[in-house]
Q: 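Provided herewith is a single structure, encoded as C-alpha cells, for subsequent inquiry.
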Amino acid sequence: MKNSPTYSTAGNARLFASLISITLLAAALSLALGPVNVAPGELLAALFGGDDGSAAARIVLYARLPRTAGCVLAGAALAVSGALTQSVLANPLAAPSTIGVNAGAGLAAALCCAAAPTAQALLPLAAFAGALGAALLVLLIARRAGASRITLVLAGVAVSNILAACVDAVVTFDADALNAYADFRIGSMANLTLPRLAAPAAVTAIALAAAFSLTNELDVLSLGGETAEGLGLRAGRMRVALLAAAAALAGAAVSFAGLLGFVGLISPHIVRRFTGDEARLLLPASALGGAALLLACDTASRTLFAPYELPVGISLALIGGPFFIWLLLRQRGGRTA
Amino acid sequence: MIELRGLCAGYRGREVLHGVSLRFEPGRVTVLCGPNGCGKSTLLKAALGIIPRTGGEAYIDGDEAGSLSRREIARRAAYMPQDRGAPSITVRRMALHGRFPYLGWPRRYSRADYDAAERALERADALEIAGDSLAELSGGQRQRAYLAMALAQDTANLLMDEPTAFLDAAHQLAVMDMARSLAGEGRAVALVLHDLCLALRRADTLAVLDGGRLLDCGAPQEVYERGAVRRAFGVEPRRVMTEDGWQYYYV
C-alpha cells in the first residue's frame, strides 16, 4: 500500500484547514474543561467580553488562558525545533535534546534550584541561557570538526552526557535542589501567567520567522551536503544557523514548560506522514500539530484524575507514546527511510 | 569553459589529486575515467571549490574559482554529485530548487523559475514522475529527477559524477544523448563514467586519470591507441570497426 503524502494544492489546503480546526478545537476544550466546566456561551463571553466579574470569566481568563497559550507556544516551538533538527541532521531520532538543549537547560535549572532556591523567577531565564549555551557549545565543536551531520549528532550526545553528569553531581551534593528540579525535569504547565509568557513568545516569534523564511534552504540541505554546495549553499554554515534557530525555539519552550522533549520528537513525525519532507509544508504543519498535541495532553492531565493534576510531561509520554506507536504500526509497509 | 592548471586537492591532509591540468571546453563532452580512487570525483569537486584546493588554479568562465562566491559558481556550473539524497519531496519541487542559485528576496521562486523547472522536467523526461516523492522512486527515476534539477540550473557548464550509475542500457544512452545535445548548445559538459566502452564510444574528449595524475587526454581513439587505457586499468578493451565507427568490448 502506497502511503502518499498530499501533493496537490487542494490537498494541502485541506490538510491545513483540518490542522487549524483541530488546533482550535483543542484550544477551546483546553479553555472549557477542568475542575469547573465552562459552557461555550460563557467561554465566548469571557474571551471577547473580558472580565465581567463572573466566576466563569475569571477562571477562563486567569486560570486557563495562560495555560492554553503556554501549550500553544511550547507545542509549536518544540515541534518546529524537532522538525528542523530532524531535517538538518537527516536523522529521524533527532529532537531538540539531540543538540544538547535539554541537558543545558536541565543543568542551568538544577544550579538555579541549588544556588537560589527562593528566586524561582530566575529559573526560566537560567533555563533559556543554559539551553542556548549548551547548543552553541555543541555547534561550535561540530563546526570545528566540519559540521557534518554525524559530527553534530556525536557532539550533541557527548555534551549532553557531560552536562547530565553535572546535574547528577549537583543534586547529589544538594538534596534539597532535587525536589524543585524534579518538577522542571518532568515538565508542567501549572502556575503560568500571561506576562511570564511574553519573553518566550517574543523569542519564539523571531525564531519561527527565521525558520519559515529558510524553507528552501532546508529542502536543499536535505538533498545532501554536496548537492547543496553545488546549488550555491554553504551547507555547514546553514546547518549551524538552522540548528541555532532550533535551539532558540526549544530553549524558549523549556524555559517555562520544563523538559517536554517528546513533543519535539513525535509531532514532526506525525505530520510528516501527510506533508512529506517539503519544509514549506512540514514546518507550519508541525507547529499546528505540536500545539494541538500538547493542548490535548495538558487538558487530559487536568481532567482525567480531577481534582488531582498530572504534570503534562507524564501524560504526554503516556498518551503521546502509545499514539505514536499505533501510527508506526499502521504505516507498516509505508515509508522506509 | 572550465580550465584547471596544476590542480591539487585532497581530504584531511591527504592529497588525492597531484597537479592536474585539464580543460572542459564549450561544445564538447569531456569524459573522465580511471580506476577506483584515482581522483575523478575529487577533481570535479575541487574544480568548483566544493572541497578546498591545496594547489593550482581553477578558472570558471575565465574567473578564478577562489574569487567567486558559492552562489556565483552555482550560476555558472551545475554539479551532480555521486552521493544523492532522497528526502520525501516531490520531483517538481526538486527541479524548482535547481533555481536556488538565482533566488533573491523575498525567498520565493518567481513565475520564470517555475517555467524553467517545468521545461527542465520535460527535457529530462521526468514529467510523468513530477508529482511523485523522490523517496519513492527507483534509482533510474531518481537520476532523472537530479538531471532535471541540474538542467533547471541552466548553466554554461555541467559536471556530473556517475550520471549513468544504476541506469539500464536505454537510460544510459539517453543520458549520453542528453550530454551531447547540451554540448550542442555550446555548453561544456564533463562526466565521470565507469563504463569504459561507453566512454570510449561517446566522449569527444577522454581524460584518463591514474593515481591522482592525468595519464592522457584527447580524442578517445587516440587515447586508446596510445595505450593509456591499458596502463590505467590494467586491462584493455578490444575494438572492431563497424559502420557506426569504432566499437569497444571486453573479452
Side-chain angles (χ1 to χ4, degrees), chain A residues 1-9 11-12 86-88 90-92 145-146 148-149 209-238 268-269 271-282 333-337, chain B residues 11-12 41 44-45 48-52 68-94 96-103 105-109 113 130-136 142 145-146 149-150 152-153 155 158-161:
Chain A
M1 187 192 77
K2 192 163 143 180
N3 205 335
S4 251
T6 47
Y7 289 129
S8 62
T9 313
N12 292 336
Q86 285 164 10
S87 292
V88 170
N91 188 332
S148 78
R149 290 156 170 175
F212 286 175
S213 69
L214 292 172
T215 54
N216 291 321
E217 278 78 358
L218 205 56
D219 276 3
V220 167
L221 266 185
S222 70
L223 294 169
E226 291 182 353
T227 305
E229 294 275 347
L231 287 169
L233 184 69
R234 294 257 178 224
R237 203 180 288 179
M238 186 49 66
H269 280 300
V271 299
R272 212 185 285 270
R273 294 167 45 80
F274 305 102
T275 62
D277 293 334
E278 266 173 47
R280 78 199 162 100
L281 305 174
L282 175 65
R335 274 171 54 96
T336 49
Chain B
Y11 306 91
R12 294 184 179 274
S41 302
L44 293 191
K45 284 184 250 182
L48 299 181
I50 289 170
I51 60 167
L68 300 170
S69 70
R70 268 250 59 81
R71 221 165 120 81
E72 186 53 45
I73 291 175
R75 291 178 185 181
R76 299 182 181 199
Y79 168 64
M80 186 201 283
Q82 200 176 356
D83 174 22
R84 302 170 202 132
S88 172
I89 68 177
T90 61
V91 173
R92 178 166 274 122
R93 191 79 196 161
M94 196 183 150
L96 192 57
H97 287 316
R99 306 299 298 168
F100 185 80
Y102 305 93
L103 200 57
W105 289 96
R107 310 291 284 163
R108 294 181 71 91
Y109 291 112
D113 292 328
D132 294 345
S133 157
L134 193 62
E136 289 163 2
R142 198 169 291 167
Y146 269 88
M149 189 165 78
Q153 216 170 323
T155 50
L158 286 102
L159 281 58
M160 302 188 211
D161 201 345

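The sequence lines fix the lettering, A, B, ..., with proteins before strands; numbering per chain opens at 1.
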Q: Pro81(B), Ser69(B), Ala78(B), Ala77(B): which one forms the most heavy-atom pairs within less than 4.5 Å of chain A?
A: Pro81(B)
Q: Can you tell me how far the CD1 atom of Ile89(B) sits from the CG atom of Asp219(A), to the nearest 0.5 Å?
A: 4.5 Å
Q: Under a 3.5 Å distance rule, please check whether Glu226(A) uses its side chain to pair with a backbone N or O of Gln82(B) as donor and acceptor.
A: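 Absent.
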Q: Does any donor atom in the side chain of Asn216(A) or Arg93(B) lie under 3.5 Å from an acceptor atom in the other side chain?
A: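 Looking only at side-chain atoms, Arg93(B) and Asn216(A) do form a donor-acceptor pair, the distance falling under 3.5 Å.
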Q: Please determine if Arg107(B) and Glu217(A) form a salt bridge, counting it only when a charged side-chain N lies under 4.0 Å from a carboxylate O.
A: yes
Q: Using non-hydrogen atoms and a 4.5 Å limit, figure out which bit of Ile51(B) sits close to chain A: side chain, backbone, both or neither.
A: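 Answer is neither: Ile51(B) stays 4.5 Å or more from chain A.
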Q: Nearest 0.5 Å, please: how far is CZ in Arg237(A) from CZ in Arg70(B)?
A: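 Arg70(B) CZ to Arg237(A) CZ: 11.0 Å, rounded to 0.5 Å.
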Q: Under 4.5 Å from any heavy atom of chain A, what part of Met94(B) do you find: side chain, backbone, both or neither?
A: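 For Met94(B), the contact with chain A is made by the side chain alone.
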Q: Using a cut-off of under 4.5 Å for heavy-atom pairs, which of Leu233(A), Leu223(A), Leu282(A), Thr215(A) has the most such pairs with chain B?
A: Leu223(A)
Q: What part of Leu214(A) lies closer than 4.5 angstrom to a heavy atom of chain B: side chain, backbone, both or neither?
A: neither
Q: Please find the pair of heavy atoms, one from Phe100(B) and one from Leu231(A), that lie closest to each other, and give the distance.
A: CD2-O, 3.4 Å
Q: If you take all heavy atoms of Asp83(B) and Thr227(A), which pair is closest and at what distance?
A: O-OG1, 4.3 Å
Q: Less than 4.5 Å to any heavy atom of chain A: does that hold for the side chain of Arg142(B), its backbone, both, or neither?
A: neither
Q: Indicate the atoms forming the closest heavy-atom contact of Gly232(A) with Ala74(B), along with that distance.
A: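 Reported closest heavy-atom pair: N-CB, 3.5 Å.
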Q: Using a cut-off of under 4.5 Å for heavy-atom pairs, which of Pro87(B), Ala150(B), Gly49(B), Pro101(B) has the most such pairs with chain A?
A: Pro87(B)
